[in-house]
Trainee: 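Quick one: structure below, then a few questions.
This structure is a prediction, so every number in the text was calculated from the model and none was measured.
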Amino acid sequence: MAGKEPLLGTLKACVLGLQSVGTDPIQDDSPHITPLCDTIEMILRKGLKSGVLGLKRRDYWHWIEELPQHDTCGRLPHISVMIEKTLACPKTLTAQGRGRYFLRMALSRKALAATLQHLQHTHRLLEWYDPFFSVLGNEEHMEPFLSLLMVISQSTFNLDLQNSSFLDESWLLPVCATYQTVPCRELGMVLRYLEGRVFVIQVLPDSQTEVDEVVLAGDIIDEINGVSLRNAYNGQAGTVLSKLKGEPLIFQIIRWRWKDGEVFRPLIPYLKGVKERVPDFQLQQNPRSLENSQERPQQDGRLLYSALYLGQTDVGLFGGKEILDVGITKVRKQNRLPKAVLLDIKETEVAVNDKESSEVLFHYSYPEISSIGRRLDNRKVFALCAIAKDKAHDMPSFDCFVFEAPSNKECEEIIKRIGESQLHWPM
């Protein structure tokens, strides 16, 4: 007799969560979609045996793909069409991505239970599952699983199948946008290709793209006029655009920023890779005109300065201005993702606050700050050195904190204000 299967309990909780919301149709913004899909996927994978001699690693997509080959009576026309559509999707490149695309389509078309019922009657494929450790290969578990899928099929799902470019890596879906623009000589997007994805690394000033205020540095071009750029070769975007010369353009954009305001998690390794290849690359928070027009935030009547915090490094026993360039170089080699911060230049200290949460990340009184300055090759990047805290040394050591201001002028103003406050601090 089979024991209780925990994954079926988890799936039941997901179903109850969907029913409790009562939203119809259920869309991608539902918080229950990702846990539901993830749980179904774990059930479909549990106890799935490897191929002949264990040389081929199987995934559930492999048996889905083979279902029509075992259908001698022509009972699977709708499932066959779904399989063909999955294979034709240019945005999924792996068995994992195709399986996930199929599951989302099956939910939308109320066909997931029917797919599993056909597997149940296709013994050559059902043998892929271990009868003791799987759900699908065990009759006592398969029946309640099918019952839950029948309950799920009573709900209406309206899922965006176009948003599939990250299913190879994650169930999390990025935020997408459509950018439509008129024909022009130059759009003003500087692109970088990385692992088959097309990143916008800069929006040029006064360009058409900047004027349109849709695309930001860090976003991905996913499609141009219906042509997918998933798994793009170097220069493919330019080739597509040259063929569309004089025509209106419609770009499908994947945003670097997710719904919670943070970087879309599956993008983080890609963005680190872009940063390694283009050290000056920075994520663009807002269209430039919006950044320029926004009122500067205040705290207790003091103006706060927006900046990107690039990181910190230990610079040893000397904290003079001559060490700032060394500190900036060391921080840039770390290739960390920048954090949006607010600099609060108070009467007695400088505090650095997280822009999203307002949490104080660190603060230093003026006597603790040994130097502040900026680079000559990038006048928006500046650094300050301060006495290292909580370090057990007989001699004081120094940390260097590196930032990037929104403009040269603002960078100069920050340095000037902190420098003047140091001068006026009573000795």
Side-chain angles (χ1 to χ4, degrees), residues 261 280 282-286 288-316 318-332 334 336-391 396-427:
D280 290 336
Q282 299 292 345
L283 294 175
Q284 187 179 351
Q285 301 292 325
N286 294 295
R288 196 169 282 110
S289 64
L290 183 60
E291 290 177 341
N292 293 340
S293 65
Q294 285 179 332
E295 290 186 10
R296 188 178 295 166
Q298 296 188 20
Q299 175 74 38
D300 300 329
R302 297 184 305 276
L303 290 176
L304 304 181
Y305 292 88
S306 294
L308 292 174
Y309 174 49
L310 306 184
Q312 75 177 83
T313 186
D314 184 343
V315 290
F318 301 98
K321 274 197 171 185
E322 66 278 359
I323 208 69
L324 292 175
D325 195 58
V326 174
I328 291 172
T329 301
K330 287 177 70 175
V331 166
R332 287 201 152 184
Q334 294 172 0
R336 291 177 47 181
L337 288 175
K339 180 185 285 289
V341 296
L342 293 171
L343 274 72
D344 188 359
I345 303 175
K346 303 181 183 182
E347 187 176 346
T348 59
E349 66 174 6
V350 176
V352 177
N353 306 328
D354 186 293
K355 194 169 186 176
E356 290 291 331
S357 66
S358 300
E359 175 191 357
V360 178
L361 301 178
F362 50 87
H363 58 94
Y364 285 92
S365 65
Y366 293 113
E368 293 174 313
I369 298 173
S370 59
S371 61
I372 183 168
R374 61 179 171 177
R375 290 183 67 130
L376 296 176
D377 59 343
N378 186 343
R379 301 184 69 80
K380 292 192 295 184
V381 174
F382 68 97
L384 65 84
C385 276
I387 297 173
K389 296 180 179 180
D390 304 323
K391 290 187 180 178
S397 64
F398 294 86
D399 286 333
C400 181
F401 301 85
V402 183
F403 304 85
E404 181 171 338
S407 65
N408 293 349
K409 182 179 179 183
E410 200 153 330
C411 182
E412 185 177 347
E413 189 176 332
I414 293 169
I415 294 170
K416 184 177 179 182
R417 280 200 58 193
I418 294 176
E420 287 177 347
S421 298
Q422 285 180 292
L423 289 173
H424 292 104
W425 183 263
M427 300 299 287

Trainee: Is R374 paired with E412 through a side-chain N to carboxylate O contact shorter than 4.0 Å?
Mentor: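 Yes, charged N to carboxylate O under 4.0 Å.
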Trainee: Return the minimal non-hydrogen interatomic distance between F398 and G319, and the atom names on each side.
Mentor: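 Looks like CD1-N, 3.6 Å.
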Trainee: For the backbone of T348 and the side chain of S365, can you confirm whether one donor and one acceptor N or O come within less than 3.5 Å of each other?
Mentor: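 Flag not set: sc S365 to bb T348 has no pair under 3.5 Å.
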Trainee: Do I323 and C400 have side chains that approach each other closer than 4.5 Å (heavy atoms only, starting at C-beta)?
Mentor: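 No; the side chains remain at least 4.5 Å from each other.
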Trainee: Give the minimum heavy-atom separation between V315 and G327, together with the two atoms involved.
Mentor: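 Reported closest heavy-atom pair: CG1-CA, 3.9 Å.
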Trainee: Surrounding NZ of K330 (heavy atoms of other residues, nucleotides or ligands, distance under 6.0 Å), is the total greater than 12?
Mentor: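 Enclosed: over 12 neighbouring heavy atoms sit under 6.0 Å from NZ of K330.
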Trainee: Determine whether a donor-acceptor pair (N or O, by modelled atom type, separation under 3.5 Å) exists between the side chain of S397 and the backbone of A388.
Mentor: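 Checked: no pair found.
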Trainee: Out of curiosity, S371 OG to K321 NZ, how far, rounded to the nearest 0.5 Å?
Mentor: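 Atom-to-atom, S371:OG and K321:NZ are 7.5 Å apart.
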Trainee: Are F403 and Y305 an aromatic pair by the rule of ring centers under 6.0 Å?
Mentor: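 Judged by ring-centre distance (under 6.0 Å), F403 and Y305 do not meet the cut-off.
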Trainee: About how many Å separate CD of E413 and CD of E410, when rounded to the nearest 0.5 Å?
Mentor: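 Going from CD on E410 over to CD on E413, the span is 6.5 Å.
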Trainee: Supply the atom-to-atom distance L337 CG to L283 CG, rounded to the nearest 0.5 angstrom.
Mentor: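 Rounded to the nearest 0.5 Å, the CG-CG separation comes to 6.5 Å.
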Trainee: Looking at every non-hydrogen atom in both residues, tell me the closest pair between L343 and V341 and how far apart they are.
Mentor: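 Taking L343 first and V341 second, the nearest heavy atoms are CD1-CG2, 4.0 Å.
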Trainee: What heavy-atom pair brings D354 and L361 nearest, and what distance separates the two atoms?
Mentor: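 Heavy atoms only, the tightest pair is N-CG, 3.8 Å.
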Trainee: Does the side chain to side chain contact (heavy atoms under 4.5 Å, CB included) test come out yes or no for L308 and Q285, once each step is laid out?
Mentor: CA-CA 10 Å; L308 292 174; Q285 301 292 325; 4.0 Å; yes
Trainee: Going by the rule side chain to side chain contact (heavy atoms under 4.5 Å, CB included), which residues pair with D344 if we only count those two or more places apart in sequence or in a different chain?
Mentor: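 Side chain to side chain contact (heavy atoms under 4.5 Å, CB included) check on D344 returns Q299, R302, L304, K346, A351, N353.
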Trainee: Donor-acceptor pair, distance only, cut-off 3.5 Å: does the side chain of R417 make one with the backbone of I345?
Mentor: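 At least one qualifying donor-acceptor pair exists.
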Trainee: Working to the nearest 0.5 Å, report the span between CD1 of I328 and OG1 of T313.
Mentor: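 One gets 11.5 Å once the value is rounded to the nearest 0.5 Å.
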Trainee: I'd like to know if the side chain of E368 reaches the main chain of H363, judged simply by a donor and an acceptor atom lying under 3.5 Å from each other, with no hydrogens or angles considered.
Mentor: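 Judged by distance alone, no pair lies under 3.5 Å.
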Trainee: Between atom CD1 of I414 and atom CZ of F382, what is the distance when rounded to the nearest 0.5 Å?
Mentor: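 One gets 4.0 Å once the value is rounded to the nearest 0.5 Å.
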Trainee: For the side-chain contact (heavy atoms from CB on, under 4.5 Å) test, which of Q334, K339, Q282, R336 pairs with L310?
Mentor: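 Checked Q334, K339, Q282, R336 against L310; only one passes side-chain contact (heavy atoms from CB on, under 4.5 Å): Q282.
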Trainee: Tell me whether the NZ or CZ atom of K389 lies within the 45° cone about the ring axis of Y364 and under 6.0 Å from its centre.
Mentor: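 Yes, K389 and Y364 form such a contact.
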Trainee: Enter the distance from C385:SG to D399:CG here, rounded to the nearest 0.5 Å.
Mentor: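 C385 SG to D399 CG: 8.5 Å, rounded to 0.5 Å.
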